[in-house]
Novice: 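Before we start, here is the structure in question, set down as structure tokens.
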Amino acid sequence: MIGELGRVTDEPGRLKRTFLSPAMKRANALVGGWMREAGLKVRVDSVGNLVGRLEAANPKAKILLLGSHLDTVRDAGKFDGALGVLLPIVALGELRRRGVKLPFHVEVLGFSEEEGVRFASAYLGSKGYCGKLGARDLARRDADGISVGEALARWNGPTPGLSKRVGVNALLKPAHLLGKLIGYLEVHIEQGPVLEKEKLAVGVVSAIAGQSRFKLTWTGQAGHAGTTPMMLRRDALAGAAEFAVGVEKYARALPGLVATIGALTVSPGAGNVIPGEVVHTLDVRHPRDAGRRSALMHFGRLATRIARQRGLQRTWQRTQDNGAVVCSPELTAQLVRSVRAVQGRSIALVSGAGHDAVVMSALAPVAMLFVRCRGGLSHHPDEYASPADLKVALRVAVHFLERQAAE
Ligand code: HGY
Ligand code: MN
Ligand code: MN
């Protein structure tokens, strides 16, 4: 299933599935088919999230949510997100084979956008599911100038009789009320080296680091590369490069802090023209919000100093800001019980990567199961989790569901 879904892409030759893209539609159809085979009722909501629902006998029963995201980064691996949607489907299929009837409803969620590739701001899917999509989210524009709101209107088609405004309001309603939910469990590859070092197939997540993302623009003066003396230049790329080295130096010195400039564009972008403008991203994370905030203050001062010394203009646009999230101790304790039953030993890890659980924590208690991935590699086509480790994770999920049923 992982292999087949991993071939559903917007770019032949490498895996890329972005918010509401044609490949996303095909992925929803493929995974929706597997959900139906497992006995789930399938729908796609107004934000493109795939929802597979298994009804309990008692209509008043509470709901357990399991899931992750179906979108990917560019040139992605096939486990990030996909594993957390497919594994619960297989687990529910296994319970069905065992004739286990769960006394609570279950929804398996395939969120339509977690990575923030198309619109720079992440979690549009789970935010939509939680009724947290705001006007700022809907106004964000992609590289073609299409806004989230317009993309959603195209996805949903004209809602006859409903004004666009009502359509937007529909996005502001959470899928469920807090009291109806048992919790949200997300299974995800670790995307880090700890489980491999500890020689464990799975571990549980204690907390998810906070993260801030920005778009920075440096504006100098384009000019002739051959005739402009070095001392008279206002080179936007040299300024951005000095900033990048300063960011890395500071992050290396502060334990727990990670800071990344992942995308950068230079204009006008000709070899014999001094860069007049540079636009780049900045991604800053730390397990503690105070650590992240003080890093952001330092980076702001650094950018101001560089801009002043080099005669550059610089602007910051924040595209995302999520505080650190602590997973539910109660739900996590139940997950630890299942990890211990299957694997013997259970360790807790902090997640440096963001996950839909960050947004879902506003709607329900959250717990996360991490699965070892080779070399800790992720956001890369060589991302890999072994069948043996996936089997351990599946057995933990089945045990967790059966124990929930016994609660
Ligand atoms: O970037 C992240 O933290 C995750 O892959 N969304
Ligand atoms: Mn990811
Ligand atoms: Mn992910």
Side-chain angles (χ1 to χ4, degrees), residues 2 5-6 9 14-19 24 27 31 49-50 66-88 109-127 129 137 184-192 195 205 207-215 251 256-263 281-287 289 292 318-325 327 349-361 366-373 375-385 390 393:
I2 289 271
L5 180 54
T9 178
R14 63 183 205 165
L15 178 54
K16 181 186 157 202
R17 250 191 338 260
T18 53
F19 188 48
M24 186 51 89
V31 179
N49 298 313
L50 180 67
L66 302 110
S68 191
H69 58 95
L70 284 176
D71 70 315
T72 73
V73 292
R74 286 191 183 86
D75 202 9
K78 51 182 180 285
F79 291 83
D80 178 2
L83 174 62
V85 185
L86 298 181
L87 188 138
L109 305 172
F111 290 115
S112 54
E113 198 288 336
E114 185 270 350
E115 298 285 4
V117 171
R118 179 175 172 189
F119 286 100
S121 101
Y123 304 135
L124 294 177
S126 42
K127 276 182 169 178
Y129 186 83
D137 296 307
Y184 169 76
L185 171 63
E186 182 164 358
V187 179
H188 203 288
I189 49 170
E190 179 200 343
Q191 300 175 305
L195 289 174
V205 176
I208 302 167
Q211 61 174 277
S212 301
R213 298 189 193 181
F214 300 90
K215 185 173 103 172
L257 180 69
V258 284
T260 313
I261 293 178
T281 58
L282 176 64
D283 177 314
V284 181
R285 310 186 192 197
H286 194 285
D289 289 346
R292 179 165 50 89
R318 192 170 67 186
T319 55
Q320 185 176 329
D321 198 73
N322 291 98
V325 162
C327 294
L349 303 92
V350 172
S351 172
H355 300 287
D356 290 303
V358 164
V359 176
M360 295 301 285
S361 64
V366 301
M368 284 196 75
L369 181 71
F370 265 0
V371 183
R372 172 169 48 189
C373 62
L377 187 64
S378 180
H379 285 190
H380 187 284
D382 293 345
E383 187 180 272
Y384 176 79
L390 296 182

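Throughout, residue positions are numbered sequentially from 1 according to the sequence presented. As the structure lists them, so they are numbered: ligands from 1, and atoms in each ligand from 1.
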Novice: Evaluate the side-chain proximity of Q211 to D283: yes if any heavy-atom separation is below 4.5 Å, no if none is.
Specialist: yes

Novice: Just to be careful: counting only protein atoms that are N, O or S, how many fall under 2.8 Å of the Mn ion (ligand 3)?
Specialist: 3

Novice: Are S121 and Q320 close enough that a side-chain donor and a side-chain acceptor fall under 3.5 Å?
Specialist: no

Novice: Under a 4.5 Å cut-off applied to non-hydrogen side-chain atoms, are M24 and T18 in contact?
Specialist: no

Novice: If we ignore angles and hydrogens, is there a donor and acceptor under 3.5 Å between the side chains of N49 and S112?
Specialist: yes

Novice: More than 12 foreign heavy atoms under 6.0 Å from NZ of K78: is that the case here?
Specialist: no

Novice: Do any nitrogen or oxygen atoms of ligand 1 lie under 3.5 Å from a protein nitrogen or oxygen, and which ones?
Specialist:
from: ligand 1; atom 1: 1 (O); to: R213; atom 2: NH2; distance (Å): 3.3
from: ligand 1; atom 1: 1 (O); to: R285; atom 2: NH2; distance (Å): 2.8
from: ligand 1; atom 1: 3 (O); to: R285; atom 2: NH1; distance (Å): 2.5
from: ligand 1; atom 1: 3 (O); to: R285; atom 2: NH2; distance (Å): 3.2
from: ligand 1; atom 1: 3 (O); to: G354; atom 2: N; distance (Å): 2.6
from: ligand 1; atom 1: 5 (O); to: E115; atom 2: OE1; distance (Å): 3.0
from: ligand 1; atom 1: 5 (O); to: H379; atom 2: NE2; distance (Å): 2.9
from: ligand 1; atom 1: 6 (N); to: E114; atom 2: OE1; distance (Å): 3.0
from: ligand 1; atom 1: 6 (N); to: E114; atom 2: OE2; distance (Å): 2.7
from: ligand 1; atom 1: 6 (N); to: E115; atom 2: OE1; distance (Å): 3.1

Novice: Does any part of the side chain of R118, heavy atoms only, come nearer than 4.5 Å to the side chain of E113, both counted from C-beta?
Specialist: no

Novice: Output all residues satisfying side-chain contact (heavy atoms from CB on, under 4.5 Å) with A76, sequence neighbours left out; order by chain, then residue number.
Specialist: L15, T72, V73

Novice: If we ignore angles and hydrogens, is there a donor and acceptor under 3.5 Å between the side chains of R292 and S212?
Specialist: yes

Novice: Could you tell me which residues satisfy ring-ring contact (aromatic ring centres under 6.0 Å, His included) with F79, sequence neighbours excluded, listed by chain and number?
Specialist: none

